[in-house]
Amino acid sequence: MKQSTLHQLRVFEAVARHKSFTRAAEELFLTQPSVSMQVKQLAKSVGMPLFEQVGKRLYLTEAGEELLGTCRDIFDRLSQFEMTVADLQGLKQGQLKLSVITTAKYVIPRLLGPFCQRYPGIDVSLKVTNHEGLQERLNDNLDDLYILSQPPVTPDVLCHEFLDNPLVVLAPMNHPLALQKNIPIERLNGEPFIMREPGSGTRQAVQKMFEERGVAVKVRLDLGSNEAIKQAIAGGLGISVLSRHVLTLDGWQSQLTILDVEGFPIPRQWYAIYPSGKQLSVVAQTFFDYLLNEGKQAIESSTKIYQQQE
């Protein structure tokens with residue numbers, strides 16, 4: 001390893017992440033032969049193969065897996081060093097890597113706007129994924145912070161709530177229950193429902209409440225996208241339970257309404273989590289403190305501005 005270079009490690013990490021020499025070359029603005037040569041030289045320095053080709057798929061060898069973990073540790077330490085130096089110079093700059101659950105895409109950009117205006121030297125990488133994808137990224141320690149509404153039940157992560165995420169019953173504006181108040185939850189019996197996909201945190205919370213209250217709804221559609229669910233509601237295919245945040249800043253207020261149903265909204269929270277053994281970088285700690293101390297106020301301010309524009 002004495003003859004290996006930082007450049008070779010970055011090339012190897014890109015190939016390992018994409019599991020493709022071609023995609024790594026595109027990301028790094030290099031030719032594919034150049035990428036192959038860098039990986040070949042690094043493997044020679046290590047003294048063992050780093051990849052194996054099975055059919056058309058590329059896999060890491062055991063040595064490759066170990067080296068990938070080492071690369072990420074090195075890059076994280078270098079990134080933290082650069083941010084620490086910038087902080088010592090009175091600057092806040094570097095990269096903030098966030099992974100958020102799908103529904104959080106309605107919330108996090110509204111928080112990032114004021115934050116990035118305050119710290120223009122910070123670049124943000126935002127990955128939007130489902131619960132399974134976020135868990136995989138958490139396991140691989142790919143990001144600084146993870147935003148979700150249903151934190152994993154494990155002692156290996158630190159969870160901090162920073163914002164309310166109430167679940168409400170949404171219906172089309174012309175629904176028979178739209179103008180009624182204090183609707184008994186039993187009135188939902190037999191209503192055609194549009195649900196998030198099985199395994200969704202929202203669906204689990206809704207099913208738990210209905211089971212506790214003896215409500216049997218008719219699931220007409222399973223959809224994996226909040227946008228698709230809102231379209232289906234507006235089209236008269238049924239009602240659903242989603243985060244109140246999905247109605248904000250996208251013009252759906254004129255097509256959908258929140259039903260005043262007993263037991264709703266279901267109280268839930270947004271959480272910022274990270275591995276318990278992880279030391280947050282200067283930039284990540286700055287954003288984390290911003291979430292906990294100013295997150296609610298920032299959301300309320302952006303909502304008021306939007307309503308005034310309307």
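What's counted below: heavy atoms across the whole structure, side chains too, no hydrogens, waters or symmetry copies.
More than 12 heavy atoms of other residues, nucleotides or ligands sit less than 6.0 Å from atom CZ of F75. No more than 12 heavy atoms of other residues, nucleotides or ligands shown are found within 6.0 angstrom of CD on Q279.
With respect to the salt-bridge test (charged N to carboxylate O, under 4.0 angstrom), the residues R17 and D140 do not qualify. Salt bridge R268/D164: absent, no basic N to carboxylate O contact under 4.0 Å. For the pair R213 and E262, the salt-bridge criterion is met [side-chain N within less than 4.0 Å of a carboxylate O]. Of the charged side-chain nitrogens involved, none lies within less than 4.0 Å of a carboxylate oxygen, so that D144 and K97 do not count as a salt-bridged pair. With salt bridges taken as basic N to acidic carboxylate O contacts below 4.0 Å, one links K230 and E227.
In this structure, the separation between CG on L148 and CD on Q150 is 7.5 Å, given to the nearest 0.5 Å. To the nearest 0.5 angstrom, L9 atom CG is 10.5 Å from L68 atom CG. To the nearest 0.5 angstrom, D260 atom CG is 10.0 Å from Q180 atom CD. Note that CZ of R118 and CD of E294 are 4.0 Å apart. Values are rounded to the nearest 0.5 Å. Between E212 atom CD and M209 atom CE the span is 7.5 Å, to the nearest 0.5 Å. The distance from atom CG of L67 to atom CE of M48, rounded to the nearest 0.5 Å, is 11.5 Å.
In terms of heavy-atom proximity, S149 sits nearest to I101 at N-CG2, 4.5 Å. Nearest heavy atoms, P49 versus A63: O-CB, 4.0 Å. For the pair I273 and P151, the tightest heavy-atom approach, listed with the atom from each and the gap, is CG2-CB, 4.5 Å.
Looking only at side-chain heavy atoms (C-beta outward), V11 and L28 come within less than 4.5 Å of each other. Taking 4.5 Å as the limit, some side-chain heavy atom of T202 sits within range of a side-chain heavy atom of L167. F264 has its side chain out of reach of V168: every pair of non-hydrogen atoms, C-beta onward, lies at least 4.5 Å apart. Contact annotation: the side chain of I74 never approaches that of E13 to less than 4.5 Å [non-hydrogen atoms, C-beta and beyond]. Side-chain contact between K278 and N141 is present, with heavy atoms from C-beta onward closer than 4.5 Å.
Looking at Y290, W270, F288 one by one, the single match for side-chain contact (heavy atoms from CB on, under 4.5 Å) with F162 turns out to be W270. Each of L188, L177, I194, I233 was compared with I239 under the side-chain contact (heavy atoms from CB on, under 4.5 Å) criterion, and only L188 meets it.
Aromatic ring centres of F287 and F115 lie closer together than 6.0 Å. Aromatic rings from Y271 and Y146 are positioned such that their centres are separated by 6.0 Å or more.
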Begin from the C-alpha positions of T257 and H175 and carry the test side chain to side chain contact (heavy atoms under 4.5 Å, CB included) through to its verdict. CA-CA 9 Å; T257 186; H175 193 277; 5.6 Å; no
Side chain to side chain donor-acceptor pair (under 3.5 Å) between S243 and N165, intermediate numbers included: CA-CA 6 Å; S243 167; N165 180 35; 2.5 Å; yes
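Counting only distance, with no hydrogens or angles, the side chain of S36 and the backbone of Q32 share a donor-acceptor pair below 3.5 Å. At least one donor-acceptor pair closer than 3.5 Å links the side chain of R220 to the backbone N or O of L237.
L256 and V217 fall into different hydrophobic clusters, defined by Ile, Leu, Val, Met, Phe, Trp and Tyr side-chain heavy atoms under 4.5 Å apart, directly or through other members. Under a hydrophobic-cluster definition in which Ile, Leu, Val, Met, Phe, Trp and Tyr are linked whenever side-chain heavy atoms come within less than 4.5 Å, directly or via other members, L96 and V107 are assigned to the same cluster.
Donor-acceptor pairing under 3.5 Å is lacking for the side chains of T61 and E52. In summary, the side chains of S276 and D156 do not present any donor paired with an acceptor at a separation below 3.5 Å, with no hydrogens or angles considered. A donor atom on one side chain and an acceptor atom on the other are found under 3.5 Å apart for T103 and N226.
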